[in-house]
Every structure is written in C-alpha cells, then in structure tokens.
Amino acid sequence: AQDCPERGALDVLYCDANGDLVADTPTDPALLNDPNTLVFAYTPVEDPAVYADIWAPFIAHLEAETGKDVQFFAVQSNSAEVEAMRSGRLHIAGFSTGPTPFAVNLAGAVPFAIMGAEDGQFGYRLQVFTQAGSDIQTVADLAGKRVAHTSPTSNSGNQAPRALFPGLGVVPDQDYEVIYSGSHDQSMLGVVAGDYDAAPVASEVVDRMAERGLYDPAEVRMIWESDPFPTTSFTLAHDLDPALAETIKQAFFSFEFEGTALGDEFDGVSKFIPITYQDQWAVIREIQASNGVEYTPQGLAAE
Amino acid sequence: MTQDMTMDWARYTPAQRMKRYGAFFGVALLVTWALGSIDVIWEWVWDAPVQLADLFTRMVPPDPTNLETILWATWETINIATIATMIAVVLSLPVALISAQNTTPNVVCLWIGRFILVSSRSVNTIIWALLFVAIFGPGIIAGIIAIMFRSIGFLGKLLGEAIEEIDHAPVEALQACGASRFRVVLYGIVPQVMPAFFAISILRWDINLRESTVLGLVGAGGIGIILQGAIDTFQWQEVSMVLLTILALVIAGEVIASALRKKLL
Amino acid sequence: MLEINNLVKRYGKGAPVLKDLNLSVQGEQLMSIIGSSGAGKSTLLRCINRLVEPTSGTITLNGTEMTTLGTKDLRRARRRVGMVFQSFNLVDRLTVMENVQSGRLGYISTWAAVTRRYPAADIERAFELMERVGIAQYANKRADELSGGERQRVGVVRALMQRPEILLADEPTASLDPKTSEQIMSLLRDLANELNLPVIINIHNVTEAKEFSDRIVGMRYGRIIFDDKPAALDAAEMDEIYAGTPSQDRQDMGAVA
Amino acid sequence: MLEINNLVKRYGKGAPVLKDLNLSVQGEQLMSIIGSSGAGKSTLLRCINRLVEPTSGTITLNGTEMTTLGTKDLRRARRRVGMVFQSFNLVDRLTVMENVQSGRLGYISTWAAVTRRYPAADIERAFELMERVGIAQYANKRADELSGGERQRVGVVRALMQRPEILLADEPTASLDPKTSEQIMSLLRDLANELNLPVIINIHNVTEAKEFSDRIVGMRYGRIIFDDKPAALDAAEMDEIYAGTPSQDRQDMGAVA
Amino acid sequence: MTMPTTWRKPPFIASPVLRWAFYIAVAIYLVGTIGTLPIDWERASEGLTRAGRIFSGAFPPSFARSDLMITGFMESLKIAILATVLGLLLSVPLAFMAARNIAPKPVYFVGRGLFILARSFHPVIVAIIFVKAVGFGPLAGALTLTIYSIGFVAKLLAERIEEIDFGQVEALRSVGAPYLVTMVYAIVPQIMPRLVGLGIYQLDSNLRASAVVGIVGAGGIGSTLANAFGRYDYDFALAITMVIVGAILISEAVSGKIRKNMT
Ligand SMILES: Nc1ncnc2c1ncn2[C@@H]1O[C@H](COP(=O)(O)OP(=O)(O)OP(=O)(O)O)[C@@H](O)[C@H]1O
Ligand SMILES: Nc1ncnc2c1ncn2[C@@H]1O[C@H](COP(=O)(O)OP(=O)(O)OP(=O)(O)O)[C@@H](O)[C@H]1O
Ligand SMILES: [Mg+2]
Ligand SMILES: [Mg+2]
C-alpha cells in the first residue's frame, strides 16, 4: 500500500490511482481472487424486506452464466456485510443507499448496477407527509413542529432531510424538534395517529403500507417529494479476477426480471442498470458530507 | 428371587443399553444432519485470526468523546430495564406458580401457564413493540411494556423450574397447619425460591439492558441505540466504549446478585 | 376423640400398606406407635390429617369425619390437628417467629400473613410457648441457624400455635442426640398434660417410648398387633413387632431391612 | 496404628473445637466415640482423612503422617481410610453398584470410571460384599429407592471396597430404626473381626455403644474425658460426658440444646 | 411473666438510618422514573382501535408460504441444535470453574469472568466478529449462538452447583477419587435435571434468536418472520409465530417429562 499515489477517502488497504473514487483492482496478479464459490449477500434495509426464495431465479441465472456455485445470503446488518467484504468473505453484495459509501471506502466495494425500469428510471423518493387536516403546506411550515426522522444513520429517514431541508427553509433540530421514530413505518403510523406533525419517509415504504391497508391514505397529505435517490447498489469486491468480474456484470445485465419472482417483487423494475459510484452516488456523498459523515475515521487517523 | 450370583455386572440391561445407544445415535444423527448444512471454508478459518485482529485493532483504544451521551443513555436504559424487569417479575410470579408441575392446581392451568410463557418468548420483540407503539404512541412506555412482555416468558420459565426443585417437606408442614394454597406458597415456597429469584431477576435485568435496542423500534433512546448507531457508522472505538460500559454494568449486576444470594442462601 | 375404622391405604397399585386398621384414641395423654421400618406408622399418621389420602375406611376426630371433607373443610379440619415431623420441616429461610406463626396461617388474614403483622394475641402466645420450651431468645434467628433440638422445638411450637385438638408427631426425636431427644419427649409429655392434649408419637426408640407413653401401639406391616400399657410390652411382644419382613407379610419380593 | 497427637481444630476465627487432643488406636477392633452434640466428634473423624483441615497437631496412620500430605498423596492416603456417613451420602441418582464401585474410584482409570467398565475383580468383590450384607439383589436399583438400613449397607460396602486400613463411621445408625440400627452395628463389629479392621464409630446411642464396642471414648467439647472399656462407663461418667453446654466450656453465649 | 405482644421481622438492613436512607432512595427513584412516565390514557384508548386495525391483517393466519416456513424452520433447527450442543459442552466445564464451592478462588474468578464477558458482548457484535472470521452462513450463526448460550447456561448451572448436596462430594473425596471422577460421580447426577431444563430452554431460545441469525445471513425462521413483518404480511407472521409456539410447547412437554423422570 506504500506505493499508492492516491487513495482519496479509501481505507489504507485500498488504492485509487485512477481517481474513480473506488478501489482499483490490484496490479499484482497474486492478489487477485478467483473463488470457486461466489458469495452474494443482500441487505433489505431501506427497501422493503425480501424473502430469500425470491432471489432463486437470479441465483440460478448467475450460476449458469459464471459456471460457479453461488451462495446467497439475505443479511440484516449493513456493518456485517461491509466487514465481511473487507475480510474477503463476500464477493458480490447489494448494499443499501446510505451504507454504500462506507462499503466503497472501508471494504473496497465497486458498485456497478442498480435495479431500474426499462426507460432507465430508478430509485425511490423522499416524501414528506402530514395529517390531511394539518395547516402545514410546505416544508418551511415545519418550523416549530414535531417531526419524526427514522434513525440517525438512515439516509432517507434522516441524513437526506438534514441535508436538503435547509435549502427549503427549515433547519432540522434548530427550527423544529427532531424525534427519532425508529423506522419509516413507525414515522408514518405516528403521523396518522397524530403523534408527530409530519415525517419524511421513503416512497417505497409508504406505498407498500397503503397497499396493505395499514393506514387510510385519505388521512394524510404529501407536502413535498424529492428527486429520486439511487436504491440498493450492487457491487463487486475490488480484488475479483477482472475476467470473472466481467462475467458477473454481464450476468447481471443479461437478467430478465419479467416473469420471475424478483420481477413480481420489485414493481416497475425490469433490469439491472449500469451505474458508477462516481456519478450516481454523488448526491448521497454530498448529503453525507454536509452531515459531517466520515467514512474511515480510523483509516485517516492511522496515516 | 435374588439375582443369581453372576460375577459380571453391567450398568444397563441389554434393552436399556439399546435404548441408550438409540438415544445417543439419535442425537448423533441430529447433529450430523445439522452439520450437513455447514460447509466450512477452511482457508477462512485459518485466516480468521488476522481478520479478528483487523477488527480489534480498530476497536482500541476506546473512544471516550461521546462518553457523556453514552452514560446518559446508560442511565436511561438502566431505568427502563429496572422498571420493566420489576413489573415483569411481579407478573411472572403467578404464571411461574401455575406452570410448575408441583404447584399447579391442575393440568389445564399447567398448560395455560406454559402457553403464556411460551407465547411471551416466541412473539418477536418487534411484534410487541409494534403493538404497544400503536396503543401508547411512540416512546418509553411502549418500550418498557414491550420489554416487560418479553421478560415474562423468561422469568416465569426459570422461576417455574426453581419452584419444581424446592424441598417439599416444609410445604407439607404448612398444609398440615391448614393453611390455604396461597399462604402455603407465601410461607413455604417463596422463601425457598428467593435466591433463585434474585439471581434470575438480575440476569434478566442485564439481558434487558443489552436488549434495549428494542427501544429504537419504538423511537426511544437507550444504550442499545447508541451501540447500533456506532456499529452502523463503523465507529468501532465508540463501540468498544459502549461495550466497556455494558461490561461494567453486568459486573455490577453480578456483584449485587451474589451479595443478595449470600445474604439469602 | 379419634376413631379410626377399617382404614385401608394402598399406594398406587401395590399391596395395601394399612390393612383394615382400627384404632380408637380416647382420653390417653401420650400414645406411642412402634414398629419396624415400613410398617406403615408414618402412613397412618398422615392419613389422619389426610396428607395421605386413605383408600377406604373412616377417621373421625371429635365428631368430624375426616375422609370425606372437601378442600375447604379439610383445611379447617387440619387446623385442629397439629403435626410434628422427623426432619422438622421448617422453612429454613424464615425466622423462628415466622415459622411459629405459620401455625396460625389458617386463621389470620392474607394481608396479615403477607406483611407479617400477626395479631397481638398470637404473638403473645408464641412468646409464651417459646419461653415454655426455651427458644424465646431465638425469635428473630433464621430457622436454619438453630441446632436440631432447637429446631424441633420450633416445630412443636408451630403445631401448638394451631391450638390443636390432637398432636401427631412422626419420629420427632429420630435426628436428635439422646439428651436432646429426651428433652423433646418430656416436653411433649408435659405439654400433653398441661394442655390436656392427646399426643400420638411414631417412635423407634422403644426405651423412650416405654418411659414416656401412657399407651403403646405396636404395628407390623399394616396391622396393629399390640395395644396396651407400656408395662405390658415384654421381650416376646417386641420380637413379634420387630420380627418378619414386609415380604413375609406381603408375600412379595424379599427385602432385607 | 492410628496415632493422634496434640490435634487442634478451629473453624475460622472461633474458639477451637478440638483442643489439643491425643488419641491412639492400637489393636482394638471397634471403638466408639460418644459425646453430646457439638462436642467435636465429627470434626475429629473428619480430621483423620482430612475432609476437615486440622489447625495443628499430627495424625499418623500406619506410619503415614496425614496432616502434611500434598494433594496427590492425600488422595492415595484417603483410599486407605474408609468412611461411613450418618446421612449415607450416596449419590441418589446412581445405582447401588455404581455407588459401591465408587469406593474403587481411587484405583481405576478415569475412562473406566466414566464408562462404568469396572474391573471384573472389583465387580466380584462388590457382589461378595453386597451378598455378605444382604443387598446383592439391589445392585441395579437406584440408591434413592432403598430403605435407610439398606442405604447404610451400601455406604458400608462402598467403604469396604476401598480395602481400607481403618474404617471411620460418623453416626452410622442415627437415621435408622432400632432393629436396622442393631443390624448395622453388628455388621460393623463382625466385619471388624472378619477383616481384622479397626473401626471407629461416632455414636449417640450409648446402650448400643456399650453393647458393641471394645473401647469407648467420651468427648466433651473438644477434649477426651473418658477412655476405657465399655464396662467402665457408669452413670457418673455418663453424666459428666453429657453434662454442660458448649457455653460453659467455651464461655460464650448459652445455647439450650 | 408477661410476654411481648408485638413482634417485627428483623429488617433486611439492620441500621435504621441506612434502612430509611435506602427506602427513601428507592422511593425517590421510583417516583422519579415511574412517576414521570408520560402515560396518555386517551391516546391509549384511541390506540387500541388503531392497533386492532393494524393487527386485523393477521387474521386469519396464512399458511400459503408453508414451504418457505418449513425450510426456514429446518434451517433454524439445525443451527439451534449445533449451538445448543456446543454451548452445553462448553458451559459444563465453565460452570464447574465458576462454582464457588468446588473451584479454587483464581479459577472461580476466571470462570465468572469468562461468562460475564460472554454476556457483555452484544450478540450483534459477536455475530459480526464471526462473520469476519468464517463468512456468512450457518456456521457463523451457530458459533454466535454458542457464545450467547454460554453466558446464560454456564451462569445458571454454576449457581445450581453451588446449591448441591455437598455430602456426596465429601463421600467421593473420602475414597480418594481423583478430581474429575468426583465431579462426574457426585455432581453431574445432581445437576442433571437443571442441565436438561436449561438445555431445552436454550434449544428453543436459539431457535427463536432471529436477530442474531439474521445478521449472519443464516436465514432461518427468524429472518423469515422478520421479513414477513417488514412486508406487513401479518397473516404469514402470525402463522410463523404459531408454528414456533407449537414447537416450543412440544419441547416444554419433553423437557418436563425428562425432568420428572429424573427426580
Ligand atoms: N408415597 C409413597 N408411595 C409409594 N409407597 C410408599 C409411599 N410412602 C410410603 N410407601 C410405602 O409404604 C410402606 C409404609 O411406609 P411408612 O413410611 O408408612 O412406614 P414407616 O412405618 O413410617 O417406616 P419408617 O420407620 O421407615 O418411617 C413402605 O413400604 C413404603 O415403601
Ligand atoms: N464447617 C464448620 N464451620 C464452622 N463451625 C463448624 C463447622 N463444622 C462444625 N462446626 C462447629 O464445631 C463444633 C463441633 O461440631 P461437630 O460437628 O464436630 O460436633 P459433633 O460432636 O459431631 O456433634 P453432633 O453430635 O451434632 O454431630 C460445633 O460447635 C459446630 O458448630
Ligand atoms: Mg415413617
Ligand atoms: Mg457430628
């Protein structure tokens, strides 16, 4: 690692000579990894939870395309997933929006795809809801109210509002009281029950809740909606053999959602869309930067 | 009908031995079946110490910058755990009594008791939390009640087993005095299970401290939330600080428990 | 006073342990039951207050038929029967006073039982009885801190606190040294006289039995085979009482003891 | 054979329970120790095989000084001392045979012990001894299914399995009925003669002690105050042995029992 | 001679000053914590109907995805069996080390320290540690739950050992039995019922330990349940809960039977 000219925010284990903000494939062939069994993990965090069996058709496709065994794990902790990739225990991973930059910088993850629609549309939106009869009309009206964020580390539930709302006229914590509700659905139910005056929540969550009749959509009113954020990023470990990495990517891009369980599960999604961390995650990095998030506190201190 | 004086002796008759081998074989089979799902990647196992070192070196030294927040959250958590444990203890006593084989009034009660205990432990914390948030609104109350409901199963079960292991003689003596069932329990059983009672309550108390992550589900703070947050943002040095705090609390719990036991044993 | 007729007790499906037993206790003060191990002495005593459920027969105590009582009446009837146990059966972790007062548990309110606010009269009586048997100074000690003899005194006081109409004692001196054991026996005899209370004692030590009893009943495997004044118990009678094994009486597998 | 010199035992910081005690057991077959509760009889016996650690003094058994042995040597020395307990101390949930064989545990390998594969010779000897005392038919019963007398026989056989050089018995008959208790006492006496084994018994029942012993030692609060043939034990001696309380001897708070 | 007519149980704390200080401290604490809890009964009564609405989705329970449920259950069962067996194997020696009446002081402290440590590490951390060590999957799950089991089983077992009848140990010592054999003959039979009780409790506790197993990607019934919640499939969640309750009731019955046979 001594001979690394540039690594940006990456941990000392990684190097970014080409400046694309993600870890470079090691130049020393001995450091490349070509495992017999590919390990693929996915965290259902800000997306709706997914049953493991829904991924079965995709795993079969991936095994057919790469000719290797693929083990799939639906994992419930971002940190476990990041640490696993850092330790070389994980080759392909779906990281949620917020944790992706951590994965890139701490674990050398290289994002290459997200799920999207035929027309290239992707992602979810941040929506702000209040009670139907409330006098809150704009985000600026939130001043002096009780607003539910989800939890400190959530992207859409906390960091994004903190980064975006000042531009709309209110500063969280200063102009209004922030109450952590624990999760998107708790925020929403709390708004319905009148426990909170308003709450920023992820569009996917409220859609699904409405579908299940957990609240009556007539009782709430949306006052603001953000541009779409990228959803779960699909990433590869940086030290995978380049040929293998290429095969895996092709397998992703050639997968047809139509008619599979995965297609039924993710409404409006029809394929994996190629992305880069540098472009599609710029907005997230910006949000996190404005909230003072550092990706490698220990790594930086060590230098 | 004395057994003929054969000089060889075996602990078990052939039938018993078959039964034992059978049971042993059954367990072995179960374990093998379970092991079947595990494929160990040995390279990873050999490499494990390096990876563990990676994590531990990032954990030291503990980072005390947020110590004040941590201590404050700890204090809150202690309060919540204490209240929840106290109430749960009170509620679990009658359940323990009806689900212990030697104090249950009848088989129906035994199964009702067992059912209550089992439901309390098998219903997910999330479910309890959701239910009580919906009822009481987000906040500490829902958290306390969720933790409490979850503790009842644990306390009731272990207390029930302690009750099953008591000395029955004093109970009989009280029955001979013509005391009612409740008073027999009060004078004959309660004093006998006291040490176990304290040990179990304090054990649950410290489990509740650590499981205060539940509070996050209901939008209340707590040491569990701080820990979770630190893990989620990879602040491993803060994580180790929180772990040290929890360690101190668990040790304090142990000390209190063993002092109480000594006094009561 | 106590009238037992055709009492049969069979544990589970085994041979009966008490076989059609008849016994009537009238005015005697202290009556001892002797008999070898397994003769059914404990079973007999425990049938009287129904700690053991008789299989058939009747037991009448001062006009109350014990064998047919419902739960509640049984509880009331048990208060009238005091019982002292071989292994004392005190609640170790309670104080002597609490153990003693537990003899009154059938009488006082639940609240008083929980808060340990015993009626003044009960406390006074407890101190009187404890003073009488010489353990008043231990009122606040935990029961398990006492010596065997002292613990048995607590057991006796607990039974007396019930103001029983009869006192049953199942080998009350078996775990005591000879001196202490003599003290407890004379205590029981004296109390029997003072309180005019019939006392039935299961006992192994025949010498003691003879010394302290007004009447001795000898049991052999479920039957009463001797019932007379102590003086009438001679070596031949003794041999008969302690001879034989349950097997000989029961015609089932031999046991040595 | 057994030589005890200047033995002192003090529990914690209390007054000594054994006070500079000297005792030598030469060729006697059966020796009884009597004394009231708390005199230190159990403490004395338990000092011999160091279940209780003596405070000072020496105990020599057939040339081996017991008080200074290290863990391993102590274990070896303990095999030479058989012990029978008042409350039997059998392992309730094991069978009679396992309990009996546990007397050999000092000799066989751990593996044999854990798998219960006892040497044939040990099994043969166990059956012989069990037959001798009349419990052979119970070999496969669980210890807690036996009567008191039977359990004590198991305890005796367990001790004999050690092929001990001396047998200690701490109130071996205290929880037994008189007949059983006589049986156990004669058993001990007969075994003492047959095996030429010195036996020391703590006992409360003086009548029994006199009947079965070759020598009687009377203890009073840590001291030996009588040591002679049974015939020499008259009423005056008895009174002295059983008189007094620890308090009188120890000058601390009075106890009644 | 007149007898006292009053008697008070000797208080737990002898010194009245200390005692009252203690009572007052407890009272202040309780008032300060319980007294200030914001309970809004109006909100609660409204909340009841709302809770009813949310949870009405759970009825009737749906067994439509029973395949997923069965595979999940089997997976959890495997992990639970491994973790319980391993946990018990490690807990027994640890419990012996940590029992005051049989272990020498230094060993005692080491033993206690070990299971205090096992309990202080939050399961999430232990899970992450094992994921780093052996990767995702059932192995990491079983190891995590093993640690989790030790903190609990070893502690309660050690406390049971402290309560045994010591006479049996003395008897074995008096025959000169070596240490290990003394333990096996005199203590193990005595603690067996508790060990069985704890073992079966731990088995079902490990079966339910969804949070931990979900982190290591070992799926199982716990994560299926969590997912059912995440997707608001309350009818499926209820079905899973019913299956878990059923399984545990069976294990309770088995445990009760074994324990009864032993005593
Ligand atoms: N709960 C029970 N279940 C089955 N059998 C029992 C029970 N209690 C006692 N027995 C049997 O009943 C018979 C009489 O027992 P009991 O205890 O009445 O005798 P005992 O005369 O009091 O003897 P001991 O002098 O040993 O106390 C014995 O054979 C005993 O094994
Ligand atoms: N482990 C112990 N710790 C402290 N004191 C003890 C201990 N064991 C015995 N003692 C005390 O030592 C004294 C002698 O006890 P010991 O058991 O030797 O008497 P004993 O003659 O055997 O009496 P008993 O006839 O009741 O068995 C008693 O005062 C007793 O309280
Ligand atoms: Mg009896
Ligand atoms: Mg003694």
Side-chain angles (χ1 to χ4, degrees), chain B residues 27 30-31 33-41 44-45 48 51-52 54-55 79 82-83 101 114-115 118-119 121-127 130-131 134-137 139-141 144 157-158 161 164-165 195-196 199 203 206-207 210 224 227-228 231 239 243 246-247 250-251 254 261 263 265, chain E residues 12 33-34 37-40 43-44 47-48 50-51 54-55 75 77-79 81-82 85 112 116-117 119-125 128-129 132-135 137-139 142 152 155-156 159 162-163 193-194 197 201 204-205 208 210-211 225-226 229 237 241 244-245 248-249 252 256 259-260:
Chain B
V27 172
L30 266 181
V31 172
W33 170 69
L35 278 173
S37 65
I38 285 187
D39 41 342
V40 181
I41 302 181
W44 289 0
V45 174
Q51 300 306 334
L52 293 186
D54 172 53
L55 189 59
N79 292 340
T82 310
I83 297 171
Q101 298 184 53
R114 282 181 175 171
F115 183 76
V118 169
S119 326
R121 358 204 265 270
S122 2
V123 172
N124 252 34
T125 318
I126 315 172
I127 307 182
L130 269 178
L131 180 62
I135 297 176
F136 292 102
I140 281 189
I141 299 261
I144 290 180
K157 160 93 184 166
L158 291 177
E161 283 188 358
E164 285 178 359
E165 289 169 13
L203 180 60
D206 82 50
I207 294 178
R210 277 171 293 132
L227 181 64
Q228 191 75 56
I231 296 174
V239 168
L243 287 184
I246 293 178
L247 180 66
V250 173
I251 291 177
E254 284 277 323
R261 268 172 67 81
K263 190 134 191 175
L265 208 64
Chain E
F12 197 65
T33 49
I34 300 186
L37 286 180
I39 300 195
D40 178 352
R43 169 71 179 78
L48 268 178
R50 217 169 268 119
I54 294 172
F55 284 92
E75 193 173 347
L77 190 60
K78 286 178 183 174
I79 295 175
I81 288 174
L82 289 178
V85 169
R112 287 260 143 182
I116 287 180
L117 209 61
R119 283 197 291 138
S120 302
F121 268 80
H122 197 277
V124 172
I125 310 264
I128 293 178
I129 289 175
K132 275 187 88 89
V134 298
L139 179 60
F152 171 76
K155 176 178 161 71
L156 290 180
E159 265 152 28
E162 288 176 356
E163 290 165 11
R194 177 69 63 91
Y201 179 88
D204 82 53
S205 156
R208 290 176 285 112
S210 48
L225 180 61
F229 260 93
T241 305
I244 297 182
V245 169
I248 297 176
L249 277 177
E252 284 277 294
R259 282 166 51 85
K260 214 171 183 176

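Just so we're on the same page: letters track the sequence lines, and every chain starts at 1.
Contacts of E:L249 with chain B are made by both backbone and side-chain atoms, with heavy-atom separations under 4.5 Å. Proximity to chain E is absent for every atom of B:V27, based on heavy atoms less than 4.5 angstrom apart. Neither the backbone nor the side chain of E:I79 comes within contact range of chain B; no heavy atoms are under 4.5 Å apart. Proximity to chain B (any heavy atom under 4.5 Å) is restricted, for E:R208, to the side chain, taken from C-beta onward. Interface residue B:L55: backbone and side-chain heavy atoms are both found under 4.5 Å from chain E. With a threshold of 4.5 angstrom between heavy atoms, E:V85 approaches chain B through side-chain atoms but not through N, CA, C or O. With a threshold of 4.5 angstrom between heavy atoms, E:R112 approaches chain B through side-chain atoms but not through N, CA, C or O. For E:I81, the part sitting under 4.5 Å from any heavy atom of chain B is the side chain, from C-beta outward, and nothing else. For B:Q101, the part lying under 4.5 angstrom from a heavy atom of chain E is the side chain only. Heavy-atom distances place both the backbone and the side chain of E:V134 under 4.5 Å from chain B.
Per-residue heavy-atom pair counts under 4.5 Å with chain E were compared for B:I207, B:V118, B:V250, B:L52, and the maximum is reached by B:V118. Between chain B and the options E:G197, E:P123, E:G137, the largest number of non-hydrogen pairs under 4.5 Å is found for E:G197. Of the listed residues E:V124, E:L117, E:L156, the one with more heavy-atom pairs under 4.5 angstrom with chain B than any other is E:L156. By number of non-hydrogen pairs under 4.5 angstrom with chain E, the leading residue of B:L35, B:V239, B:I251 is B:L35. With chain E as partner, the option from B:I246, B:V45, B:L131, B:I140 having the largest number of non-hydrogen pairs under 4.5 angstrom is B:L131.
Residue B:D206 holds its CG atom at 9.0 Å from CD1 of E:I116, rounded to the nearest 0.5 Å. For the atom pair CG (B:L247) and CZ (E:R119), the distance works out to 10.0 Å, reported to the nearest 0.5 Å. Atom CD1 of E:I248 sits about 11.0 Å away from atom CZ of B:F115, to the nearest 0.5 Å. Note that CD1 of E:I125 and CG of B:L227 are 5.0 Å apart. Values are rounded to the nearest 0.5 Å. The distance from the CD atom of B:E254 to the NZ atom of E:K155 is 3.5 Å, given to the nearest 0.5 Å.
The closest side-chain heavy-atom distance from E:F152 to B:L158 is below 4.5 Å. Between E:D204 and B:R121, some side-chain heavy-atom pair lies under the 4.5 Å cut-off.
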key: E:E252 and B:K157: CA distance, side-chain angles, deciding distance, side-chain contact (heavy atoms from CB on, under 4.5 Å) verdict   = CA-CA 10 Å; E:E252 284 277 294; B:K157 160 93 184 166; 2.6 Å; yes
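Residue E:T241 comes nearest to B:S122 through the heavy atom pair CG2-O, 4.3 Å, listed as atom of the first residue, atom of the second, then distance. Contact record, E:S120 with B:L243: O-CD2, 3.8 Å, taken as the closest heavy-atom pair.
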